[in-house]
Every structure is written in C-alpha cells, then in structure tokens.
Amino acid sequence: MRDDEKSRPGAATPERAETGNVGGLSPTKYIIEGGGVASLLLEGAENALPLKELERLTGQDGRTIRRQIETERRRGVPILSDNRNGYFLPACDYDRARFVGQMRGRAREIWQTANAVEQGSGEANQITFDDLNGEPLDDDDSPERYFHRIAPPGNGGRA
C-alpha cells in the first residue's frame with residue numbers, strides 16, 4: 001500500500017487545521033453522513049486509533065463514538081479493536097477471525113456470569129431470562145445457540 005493511501009481523511013491537513021472540518025463536514029456530521037468511523041480507520045492493529053484520538057478527530061464523546069462503531073459493526077462493517085491499540089480495520093482474515101473469537105469469548109463469559117447470578121440467591125421476585133423473552137432455556141443451552149434462537153444470523157441482531 002502506498003503512503004498516500006494510508007492517510008486518514010482530513011487528518012493533519014491544512015483544511016482540518018484551519019476549519020476543524022473533516023472532508024468538508026463538521027466532525028459531528030462526518031461520523032453520521034461522511035462514511036462513519038470506519039472511514040477514519042486504517043488497516044492493521046499497528047495503525048489503530050485509540051478512542052481518545054477518535055474523540056479528538058470527531059469532536060464527539062467516547063460514548064457516542066462507541067455507539068456509532070456498534071451501529072457500523074451491526075451493518076457488517078468490520079471495525080476491529082483491541083485493548084492495546086484501539087480501533088482498526090482488518091489487514092487480513094486472521095485479524096477478523098481473532099476479533100470474532102474474542103467477541104464470542106466475551107459473550108460466553110457474560111453468559112456464564114448471567115447464569116451464575118440467575119441461579120444464585122434464589123430471592124423472591126427475581127427476574128429470569130424466561131421472564132425477559134418468554135422462551136425457556138434448556139440446561140445445555142450455550143450462548144451461541146441462544147443468540148441464534150433469538151436473533152438469527154443476517155437480521156442485524158434483531159429478533
């Protein structure tokens with residue numbers, strides 16, 4: 001990849017320095033209308049942008065940026081992240097596979113914690129997963145089976 005292909009849109013350009021705009025749009029509109037957070041990212045963890053840098057580039061708070069990233073991800077945009085480097089696009093299939101594995105691992109951990117809490121104290125009036133979605137859980141249910149049951153693949157995560 002050539003060096004000029006690696007530059008971020010509007011990053012460290014005279015236009016950005018003088019106007020505070022990215023690609024001719026205000027930072028807020030850039031995220032929403034100008035291609036999203038993904039358009040600010042480069043391929044590979046070595047080129048990742050930490051959340052603080054995305055906040056600086058866009059003028060948005062971290063919560064807004066994380067919501068936008070989640071929206072883009074649910075539309076199939078492969079915005080990856082790690083705790084060390086920040087947000088980036090996959091440079092190869094391995095990057096994507098590693099990220100998916102990490103996300104599924106986190107889902108399993110959350111699932112196990114939810115099950116432990118649900119089965120914990122046995123206090124009266126405790127809300128269970130059954131109460132939330134009206135669908136009984138089997139003892140051998142895994143997070144993957146449950147998530148696919150309530151949100152089949154390809155529907156954007158909606159049941």
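Note that the coordinates shown come from a computational prediction; the quantities given were computed from them, not determined experimentally.
One finds a salt bridge joining Glu53 and Arg56 here, because a Lys/Arg side-chain nitrogen approaches an Asp/Glu carboxylate oxygen to under 4.0 Å.
Without hydrogens or angle criteria, Glu72 side chain to Ile79 main chain gives no donor-acceptor distance under 3.5 Å.
Looking at heavy atoms from C-beta onward, Leu57 lies in side-chain contact with Leu49 at the 4.5 angstrom threshold. Two residues are said to be in side-chain contact when any heavy atoms from C-beta on lie closer than 4.5 Å; Leu41 and Leu54 meet this criterion.
Sorted by first and then second residue, the pairs that involve residues 90-103 and meet salt bridge (charged side-chain N to carboxylate O under 4.0 Å, His left out), not counting sequence neighbours, are Asp95-Arg98.
Of the residues Gln68, Arg67, Arg73, the one that meets the side chain to side chain contact (heavy atoms under 4.5 Å, CB included) test with Glu70 is Arg73.
Grouping Ile, Leu, Val, Met, Phe, Trp and Tyr by side-chain contacts under 4.5 Å, direct or through others, puts Met103 with Leu80, Phe88, Phe99.
Taking both residues in full, the closest heavy atoms of Pro78 and Pro90 are given as O-CD, 3.1 Å, listed atom of the first, atom of the second, then distance.
The side chain to side chain contact (heavy atoms under 4.5 Å, CB included) search around Leu51 returns Glu55, Ile65, Arg66, Tyr87, not counting sequence neighbours.
Between the OG1 atom in Thr64 and the CD1 atom in Ile69 there is a gap of 11.0 Å [rounded to 0.5 Å].
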